[in-house]
Amino acid sequence: VINLKGISMSHLHISGLRLLNRVLKIAQLVAPEIMDKTYIIHAPWFFSAAWAIIKNVLAPDIVAKVVITSGSAEKEILEHLGGDREQYEDLLNSFSS
């Protein structure tokens, strides 16, 4: 879970987007078998717009493992974790922006 709450356009610039693209390309080489699901929550509109472009250069199996939402996706994440609220809270606290 990656919480983007509070991220605004002022946090982005072209070099950051290029870096994200490189990281995602590397991730698709090493992570398809390791990564189960990544939830990016509280994503601002521009992040979703960037993802719409970036996902076109990624392997479909990687794209299928990423969920991006402007909300919290709490219900879906809890279902994925088998209802383990403690693990959910730990994930939120570990990967907040």
Side-chain angles (χ1 to χ4, degrees):
V1 176
I2 301 170
N3 187 353
L4 297 181
K5 191 172 188 171
I7 297 293
S8 68
M9 286 288 282
S10 65
H11 293 100
L12 290 184
H13 44 80
I14 194 68
S15 62
L17 292 175
R18 285 186 185 135
L19 176 61
L20 174 62
N21 191 22
R22 282 194 313 216
V23 167
L24 290 171
K25 283 182 180 181
I26 292 168
Q28 81 174 347
L29 294 174
V30 298
E33 304 306 320
I34 299 169
M35 183 173 71
D36 182 33
K37 199 76 151 174
T38 298
Y39 293 90
I40 301 174
I41 60 172
H42 300 232
W45 68 268
F46 57 84
F47 188 88
S48 297
W51 174 248
I53 296 166
I54 292 169
K55 73 179 182 180
N56 292 313
V57 300
L58 299 174
D61 57 333
I62 293 293
V63 174
K65 294 179 178 186
V66 177
V67 176
I68 298 176
T69 180
S70 61
S72 70
E74 180 177 352
K75 182 179 178 182
E76 184 178 351
I77 296 169
L78 278 169
E79 285 176 11
H80 185 78
L81 297 174
D84 187 341
R85 180 157 291 281
E86 185 176 337
Q87 185 178 8
Y88 171 75
E89 295 295 333
D90 287 346
L91 286 171
L92 285 182
N93 292 330
S94 296
F95 295 103
S96 293
S97 59

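Side-chain atoms are counted along with the backbone in the values below, which use heavy atoms only and exclude waters and symmetry mates.
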Atom pairs and distances, side-chain donor-acceptor, residues 41-49, under 3.5 Å, sequence neighbours left out:
none

Lys37 side chain vs Ala64 backbone, donor-acceptor pair below 3.5 Å: yes

Qualifying ring-ring contact (aromatic ring centres under 6.0 Å, His included) pairs with a residue from residues 61-87, counting only residues at least two apart or across chains: Tyr39-His80

Approximate separation, where rounding is to 0.5 Å, of Asp36 CG and Lys65 NZ: 7.0 Å

From CA spacing to verdict: side chain to side chain contact (heavy atoms under 4.5 Å, CB included), Leu91, Leu81: CA-CA 11 Å; Leu91 286 171; Leu81 297 174; 3.9 Å; yes

Side chain to side chain contact (heavy atoms under 4.5 Å, CB included) involving Glu86 - partner list, sequence neighbours excluded: Asp84, Asp90

Separation between OH of Tyr88 and CG of Leu78, rounded to the nearest 0.5 Å: 6.0 Å

Pairing residues for Glu89 by the salt bridge (charged side-chain N to carboxylate O under 4.0 Å, His left out) criterion, not counting sequence neighbours: Arg85

Those residues that, when tested against Glu76, pass side chain to side chain donor-acceptor pair (under 3.5 Å) (two or more places apart): none

Heavy-atom side-chain contact between Ile40 and Trp51 under 4.5 Å: no

CD on Glu74 to OG1 on Thr69, rounded to 0.5 Å: 12.0 Å

